[in-house]
Amino acid sequence: METDLQLESTVWVGSKIYRAVLTGWQFNWTELDKKNRDKKTISVPVAEVVGVEEGRVEILPQKLIDDTDKVFTVFYVKRSSTGSSYGLLWTLGRTQFSVPSRVLRDQWTKHLRAALKTHSPVRPNRLLVFINPYGGKKKGRKIYHSLVAPLFELAGISCHVIVTERANQARDHLLKKDLTGFDGVVCVGGDGMFSEILHGLIGQTQQEAGLCENDLTVTLQPCPRHIGIIPAGSTDCVCYATVGVIDPVTSALHIIIGDSQPLDVCSVHQASGLVRYSVSLLGYGFYGDVLAESEKHRWMGPLRYDYSGTMMYLSNRSYAGIVQYLPADPLLSSPRDRTRCLSGCSVCSRSTERLFPHSSDAGSLYSSHYNQFSSDLEGEWVTVEGRFRCVSLTCMSSSCPKSPLGLSPSAHLADGTGDLILVWDTHPLGFLKFLYRHTSTEDQFDLPFVEVHRVKAVRFSLPPGKEEEEYEEIGGLSGGMDEEERGYIETVSRSGSQQHLADRGPGREMTNLQKTGNPFLCGLCCSKAPAVSVWNCDGEILPSIEILSRVHGQLVRLYARGIEDGAAVHCSEDIERGCTLQI
Ligand SMILES: Nc1ncnc2c1ncn2[C@@H]1O[C@H](COP(=O)(O)OP(=O)(O)OP(=O)(O)O)[C@@H](O)[C@H]1O
Ligand SMILES: CCCCCCCCCCCCC/C=C/[C@@H](O)[C@H](CO)NC(C)=O
Ligand SMILES: [Ca+2]
């Protein structure tokens with residue numbers, strides 16, 4: 001039977017007989033018993049078909065084609081559980097169908113390809129790919145060429161690949177080069193590499209729109225190009241929090257089928273203008289100290305965070321500060337409501353309507369949202385002052401393998417708000433309890449010294465008499481910054497300096513860091529704790545301590561769909577149970 005986008009026929013998979021049906025948006029095949037009765041059905045949404053090829057075709061580990069003229073091969077997304085409660089692994093499913101004639105084979109391939117064009121979301125045709133060869137365990141190139149490139153080729157996506165030779169090359173490329181013709185930008189690397197792409201694309205979009213990123217009050221223009229993340233870094237927090245697993249094949253499949261996940265972004269400003277953007281963690285105190293310490297141990301690879309975390313915990317620091325925040329509407333959601341932002345999240349969908357009221361389709365919102373002065377910074381600011389173990393702001397849950405539910409388990413990816421977590425100074429065991437709860441399902445906010453607030457903006461300043469210029473700047477620590485930026489942020493010390501005695505050996509040249517007398521040189525052996533910490537902004541150290549940050553709702557879009565609820569979606573193991581399945 002054949003209509004425009006519909007087709008039905010008998011097919012064979014191996015020696016078993018099936019009835020295959022294409023109904024436009026769904027492709028399924030049902031095993032038949034000897035009496036032609038239905039046994040079990042396998043069903044694949046057309047939107048999740050990756051490619052259709054004539055003959056018996058294999059893609060991984062390498063492409064093999066046996067052009068049998070009565071066979072066609074369908075590749076599609078297949079899900080399996082990871083064993084953890086959230087996130088599903090996607091693999092490439094492949095089924096070879098035999099039919100009685102070449103004519104029928106050609107009908108199937110033609111109809112499936114036509115259905116793909118009609119019933120699939122917008123898939124990328126051309127991608128710009130940046131590979132950081134030094135990220136994480138330095139496997140970025142291998143991951144891309146062996147696992148990802150064959151899938152892109154199967155899906156007919158053409159790629160321009162750039163293996164970076166220096167930090168910030170990807171960001172600079174995006175800011176300077178014409179991106180016409182590219183549907184999206186893919187980064188193969190970690191959170192630092194993602195951050196480069198984020199800065200490049202946001203900056204490029206504002207340049208084109210004629211908007212000033214330094215102006216805190218401007219409503220920034222959402223980026224029209226999607227970002228794809230192939231995880232190959234140390235933490236891969238953005239990938240984990242938006243896909244639910246760290247797996248290059250899963251991420252490549254989300255890119256291929258053109259999934260779209262909007263993401264909130266915080267802009268961070270100092271008096272003179274924009275400092276950086278953040279999506280996962282803007283953290284002062286413990287997380288700033290851990291990052292600063294870890295930069296000294298880059299040679300340890302991803303383990304440097306564990307080592308530095310232990311060192312900074314043992315050094316038992318707290319910092320004075322004034323935190324001001326602008327609460328988000330408490331009627332919309334709460335960071336303590338024990339919900340999770342999952343794929344198809346209703347809080348985020350309602351936020352799209354609120355954030356872009358003139359657009360029925362978030363994909364075509366770009367012109368309506370242009371160059372408007374924002375009301376986001378209006379409202380009643382709340383002020384708190386005291387000593388904190390850490391002050392953290394995150395636009396999303398920031399879940400990662402170390403903390404599977406994240407810094408703020410009920411935060412939303414795209415609701416236009418961030419969660420501000422204040423951990424007041426407390427005894428070491430209390431703080432350990434707080435940290436430990438990040439690794440379990442116990443509520444880390446249910447502690448007397450912890451507060452969490454859903455916010456639209458946050459300001460941080462030092463108490464009077466401890467103004468920022470009295471303290472050292474941390475220029476030498478900023479791993480990802482180039483010479484120009486370093487020159488900009490290094491300032492001359494006006495206060496007395498503290499130096500790590502052990503690092504002053506004869507014949508050892510003093511580093512930039514040592515010359516500045518940075519307090520982080522002194523981890524444990526010096527008795528006086530530093531008076532100020534630094535800000536960890538998605539893995540980069542900020543040059544300023546006094547900052548103002550605001551959340552820009554849904555400023556970028558990723559090739560992702562949020563975390564799929566493992567309990568709600570059938571996995572491929574269920575096939576054996578003989579029921580109708582969506583794979
Ligand atoms: N070719 C290169 N040489 C040196 N640094 C690079 C290069 N390409 C990118 N970078 C920088 O490397 C930094 C870390 O990269 P990436 O995020 O991929 O790996 P990572 O191991 O997860 O690091 P981190 O955990 O610090 O983010 C990024 O900030 C990026 O700017
Ligand atoms: C006693 C056990 C202590 C375990 C403490 C676990 C706490 C883990 C919380 C991790 C949150 C990570 C948030 C993401 C930050 C990224 O932006 C950044 C860049 O990759 N990563 C880091 C480590 O700064
Ligand atoms: Ca958010």
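In what follows, residues are counted from 1 in the order of the sequence shown. Counting convention: from 1, in listed order, for ligands and their atoms alike.
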Could you tell me whether [X] approaches ligand 1 through its side chain, its backbone, both or neither, with non-hydrogen atoms closer than 4.0 Å?
X      : result
Arg304 : side chain
Gln169 : neither
Glu540 : side chain
Glu196 : side chain
Arg298 : side chain

[X]: numbered ligand 1 atoms lying under 4.0 Å from its heavy atoms:
X      : answer
Gly189 : 18 (O)
Asp191 : 17 (O)
Thr164 : 1 (N), 2 (C), 7 (C), 8 (N), 9 (C)
Gly233 : 22 (O)
Tyr305 : 24 (P), 25 (O), 26 (O)
Gly190 : 16 (P), 17 (O), 18 (O), 19 (O), 22 (O)

Taking a cutoff of less than 4.0 Å between a non-hydrogen atom of the residue and any ligand atom, is [X] in contact with ligand 1?
X      : value
Arg171 : no
Phe130 : no
Gly136 : yes
Glu295 : no

Less than 3.5 Å apart, any donor N or O on the side chain of [X] or [Y] sitting next to an acceptor on the other?
X      : Y      : answer
Tyr307 : Glu293 : no
Ser308 : His297 : no
Asp337 : Ser334 : no

Tabulate below the donor-acceptor pairs under 3.5 Å that side-chain atoms of residues 412-424 make, not counting sequence neighbours, or state none.
| residue | atom | partner | partner atom | Å |
| --- | --- | --- | --- | --- |
| Asp415 | OD1 | Thr417 | N | 3.1 |
| Asp415 | OD1 | Thr417 | OG1 | 3.2 |
| Asp415 | OD2 | Thr417 | OG1 | 2.7 |
| Asp419 | OD1 | Arg454 | NE | 2.8 |
| Asp419 | OD1 | Arg454 | NH2 | 3.4 |
| Asp419 | OD2 | Ser408 | OG | 2.6 |
| Asp419 | OD2 | Arg454 | NH2 | 3.0 |
| Trp424 | NE1 | Glu451 | OE2 | 3.0 |

task: Only counting residues at least two apart or in another chain, list the ones meeting side-chain contact (heavy atoms from CB on, under 4.5 Å) with Cys187.
output: Met193, Phe194, Ile197, Ile229

Please examine the side chains of [Y] and [X], heavy atoms only from C-beta on, and report whether any two atoms are closer than 4.5 Å.
X      : Y      : value
Arg354 : Leu332 : yes
Leu216 : Arg550 : yes
Leu179 : Leu174 : yes

message: At less than 3.0 Å, how many protein N/O/S atoms surround the Ca ion (ligand 3)? Leave waters out.
response: 5

field: Nearest non-hydrogen partners of Tyr559 and Pro124, listed with the distance
entry: OH-CB, 3.5 Å

message: I need the minimum non-hydrogen distance between Val279 and Asp538, along with the two atoms involved.
response: N-OD2, 2.6 Å

task: Before signing off on this row, confirm whether Gly135 and ligand 1 have an N or O atom pair separated by under 3.5 Å.
output: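 Between Gly135 and ligand 1, no N or O pair is found under 3.5 Å apart.
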
message: With a 6.0 Å cut-off (strictly less than), is the heavy-atom count around CZ of Arg437, excluding the residue itself, greater than 12?
response: yes

Carboxylate-amine/guanidinium proximity below 4.0 Å for Lys433 and Asp446: no

task: State plainly whether the residues Asp425 and Arg389 are in salt-bridge range, i.e. N to O under 4.0 Å.
output: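 Result for this pair is yes, salt bridge flagged.
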
- request: Would you verify whether the NZ or CZ of Arg304 falls within 45 degrees of the ring axis of Trp299 while also being under 6.0 Å from that six-membered ring's centre?
  value: no

query: Hey, what do you get for CG (Leu198) to CZ (Arg276), rounding to the nearest 0.5 Å?
result: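 Here the interatomic distance stands at 9.0 Å.
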
message: The test is salt bridge (charged side-chain N to carboxylate O under 4.0 Å, His left out); show your working for Asp443 and Arg336 and say whether it passes.
response: CA-CA 9 Å; Asp443 184 357; Arg336 302 288 308 272; 3.0 Å; yes

In a simple table, one pair per line, please give the protein and ligand 2 atom names for every N or O pair closer than 3.5 Å, along with the distance.
| residue | atom | partner | partner atom | Å |
| --- | --- | --- | --- | --- |
| ligand 2 | 17 (O) | Ser280 | OG | 2.6 |
| ligand 2 | 20 (O) | Asp191 | OD2 | 2.7 |
| ligand 2 | 20 (O) | Thr235 | OG1 | 3.3 |
| ligand 2 | 24 (O) | Asn536 | ND2 | 2.9 |

- prompt: Looking at Phe460 versus Trp535, is the centre-to-centre ring distance below 6.0 Å?
  reply: yes

- prompt: Pick one: which of Tyr319, Tyr313, Tyr284 meets side-chain hydrogen bond (donor to acceptor under 3.5 Å, both in side chains) with Asp289?
  reply: Tyr319

Option whose closest heavy atom lies nearest to atom 14 (C) of ligand 1, chosen from Thr235, Asn132, Asn168: Asn132

